[in-house]
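Just so it is clear: chains get the letters A, B, ... in the order the sequence lines come, proteins before strands, and each one is counted from 1.
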Protein chains: 2
Amino acid sequence: MNDGNRQEGQEGQEGQGDQGGQEGATAGSKRKDVRRNQRTLLDAAAAVFVTSGVEAPVRDIAAKAGVGVGTVYRHFPTRADLVIAVYRHQVDACAEAGPALLAAGPTPHAALERWADLFVDFLVTKHGLAGAMQADNAGFETLHAYFLDRLLPVCAELLDAAAAAGEIRSDLTAYQLMRGIGNLCIGAEADARYDARRLVALLVAGLRQGR
Amino acid sequence: MNDGNRQEGQEGQEGQGDQGGQEGATAGSKRKDVRRNQRTLLDAAAAVFVTSGVEAPVRDIAAKAGVGVGTVYRHFPTRADLVIAVYRHQVDACAEAGPALLAAGPTPHAALERWADLFVDFLVTKHGLAGAMQADNAGFETLHAYFLDRLLPVCAELLDAAAAAGEIRSDLTAYQLMRGIGNLCIGAEADARYDARRLVALLVAGLRQGR
DNA sequence: AAACGATACGGAACGCTGTTCCGTTTCACA
DNA sequence: TGTGAAACGGAACAGCGTTCCGTATCGTTT
C-alpha cells in the first residue's frame, strides 16, 4: 500500500459519467498539447504530493510538470480539483470495498472495522490529505464534498447494517463517523508516537457500548 | 545563505529560568509603555480570537491594539506565545480539574469522561484552537508543547487510575489519547452536524472494550 | 531641568503563498 | 498554407508571517 498513486489509471479515466462535474475543463480535448499537459500535470502532481504533501505549492507542481502556473489553473480550476483527480480512483476503490466487505465479513460491525482501517490507511499514506479534507479548509471545499459524495453512502450502509444487526447504537450519523475518522488521521503520518488506526479502532469499538 | 543576520543581546532575559513561563517574553518591564502595550495586546488578541479565530492575521491583532506589528512580535516572539498567553489560565484550570475530578468522581473512568468533556468544551469554544494545536502546524510548535507539558501528566494520571482500577485497557498512551481528543475537536465549532463531544465520549467508551 | 543612552515603537520591506490576467504561441481545420 | 480559436507561460496582484531599522519615548543621570 505504499506507493499507490502514480499515474496508474489517470489516462484510464475517460470521464464519461463524471458526476462531480468539475472535470469539465480537462475532459477530452481536440488538441494534443492539452491532453499531454493534462497527463503530465497529473503525474507531476502525484509525484510532488508524495514528496511534499498535498499542500505543496502550485508552483512546485507546475515546475515539476514543466509548465506555467496558468496551465495548472486552466486544467484544474482549484487545487482541490487536482487532488481529486490524482486520488479519484483510490477513493472509488474505498467506496467499492464497503459493500464487498459487508458481504464477506462475518458481521456488519467487523466489516465496518475493516472498512475504517482501509480508509485510514488511505488517508495516512497521503501526506496531508486528512487535513486538506477538512470542511473548513478554504479552497478545499470541493475535496471535502467529493469525499462525502463518494464515501458517505458507503459508510451509512455499513452503519445501518450494523445497527440493524443490533451490534451498535444507531444514533450516530454516518457524517459524524466519517468526520471523526478523518479527523483522527490528521497529522498521523508525521508523528511516530501517534497511531491513527488504533484510535479509529477504539472509536468504532466505542459504538458497541450500550447497544 | 542570505543576509539574515540576527543581532542578539537585545532580549536580556533568556537565561532567566522562567521555566513554567509567565507571559513568555515580557514579564516585568521598567517601562510603562511596555507594560501597557503588553496588556492592550493581550486584550486585543483575546477579542480578535473570539471573532476571527486563533489564526487571525497578526496585523489584525496589531490594528485592534493600536500598535505596529513589530510590537506584537517583540512581546510575543511567535504567534503561539500570544495564544498561550491568552489561554494560559484556562489550560491551567483544565489541568487542575483532573485530580479534582479523580477525587470526586465515582470511578476513575467517570473522571476521565468528565475531564475529556471539559477539555473538549475548552477546545471547541476557541475558534481554531484545536487545529492550531496540531503538532505539524508550523509556527505553533510552542503551543503544542505547552498543551502537552501542562495536560499530558494529568491525562496520564487519569488513564493510569482507570487502568489500575481495571476499568480500561492499559495499552493506550496518554499522548495518543490527548492527540485523539484534540484531533476530534478540529473544526467542530464550524460544523453544526458534527458533535466532537459525542465522538470523544465514544472514543473514551471504546477504551473499556476488552478490559 | 536637561541631556543622555537604552530600548520599544511603527510600519515598510522581504519572502512565500494562491490566483488572475494578458500578450504570445501553438494547434487543428479549412 | 493561412487563420482564428484556444492554450501557453509567467508577470502581476493580493494577503500572509516575519524581520529590520530609523525614529520616538522612557527612565536615569548629571
Open item on the list: Without decimals, in angstroms, what is the distance between A:Lys32 NZ and C:dC29 P?
Closed with: 12 Å
- [ ] Could you state the atom-to-atom distance from CZ of B:Phe76 to C1' of D:dG17 in whole Å?
- [x] 17 Å
Task: side-chain contact (heavy atoms from CB on, under 4.5 Å) partner of B:Val83, chosen from B:Phe140, B:Tyr146, B:Phe76 - done: B:Phe140
- [ ] Return the value, rounded to whole Å, for the distance between atom CG of A:Asp60 and atom C1' of D:dG10.
- [x] 15 Å
TODO: Using the side-chain contact (heavy atoms from CB on, under 4.5 Å) rule, pick out the option among B:Asp121, B:Val120, B:Leu199 that qualifies with B:Cys185.
DONE: B:Val120
Task: Closest nucleotide among C:dC9, D:dT18, D:dG9 to the B:Val58 side chain - done: D:dT18
Open item on the list: Does B:Arg79 reach a base, just sugar-phosphate, or nothing at all? Heavy atoms under 4.0 Å.
Closed with: sugar-phosphate
Open item on the list: Please check this pair: side chain of A:Arg79 against backbone of A:Val54, looking for a donor-acceptor N/O pair closer than 3.5 Å.
Closed with: yes
Task: Whichever of B:Thr78 and B:Arg36 has its nearest DNA chain D nucleotide further upstream toward 5' - done: B:Thr78
Open item on the list: Can you see if the side chain of A:His75 gets near the phosphate of D:dA7 - specifically, an N or O under 4.0 Å from OP1 or OP2?
Closed with: no
Task: Between C1' of D:dC16 and OH of B:Tyr73, the distance in whole Å - done: 9 Å
Open item on the list: Base, sugar-phosphate or nothing for B:Ala65? Non-hydrogen atoms, less than 4.0 Å.
Closed with: nothing
Open item on the list: Nearest whole Å is fine: how far is C:dT7 P from B:Asp33 CG?
Closed with: 13 Å
Task: Out of D:dT28, C:dG18, D:dC8, whichever nucleotide has its closest atom nearest the side chain of A:Arg59 - done: C:dG18
Task: B:Gly70 vs B:Lys30, nearer the 5' end of DNA chain D by closest nucleotide - done: B:Gly70
Open item on the list: For D:dG9 and A:Thr71 - does any side-chain N or O of the residue sit under 4.0 Å from the phosphate oxygens OP1/OP2?
Closed with: yes
Open item on the list: On DNA chain C, does the nearest nucleotide to A:Val69 precede the nearest nucleotide to A:Pro57 from the 5' side, or the other way round? Give the residue.
Closed with: A:Pro57
- [ ] Answer yes or no: does a side-chain N or O of A:Asn37 lie under 4.0 Å from OP1 or OP2 of D:dC8?
- [x] yes
Task: Validation row: B:Glu113, B:Asp117 side chains within 4.5 angstrom (heavy atoms) - done: no
- [ ] Report the nucleotide, chosen from C:dA8, C:dC29, C:dT26, that has the shortest atom-to-atom distance to any side-chain atom of A:Arg31.
- [x] C:dT26
Open item on the list: Counting only side-chain nitrogens and oxygens, does B:Arg74 get under 4.0 Å of the OP1 or OP2 atom of C:dT7?
Closed with: no
Open item on the list: Rounded to whole Å, please give me the gap between CD in B:Glu141 and P in D:dG17.
Closed with: 15 Å
TODO: Please work out whether the ring planes of B:Phe119 and B:Phe147 are parallel, tilted or perpendicular, with thresholds of 30° and 60°.
DONE: tilted
Task: Separation of atom CZ in B:Arg35 from atom P in C:dT7, rounded to whole Å - done: 16 Å
Task: Spacing of B:Gln38 atom CD relative to C:dC9 atom C1', expressed in whole Å - done: 15 Å
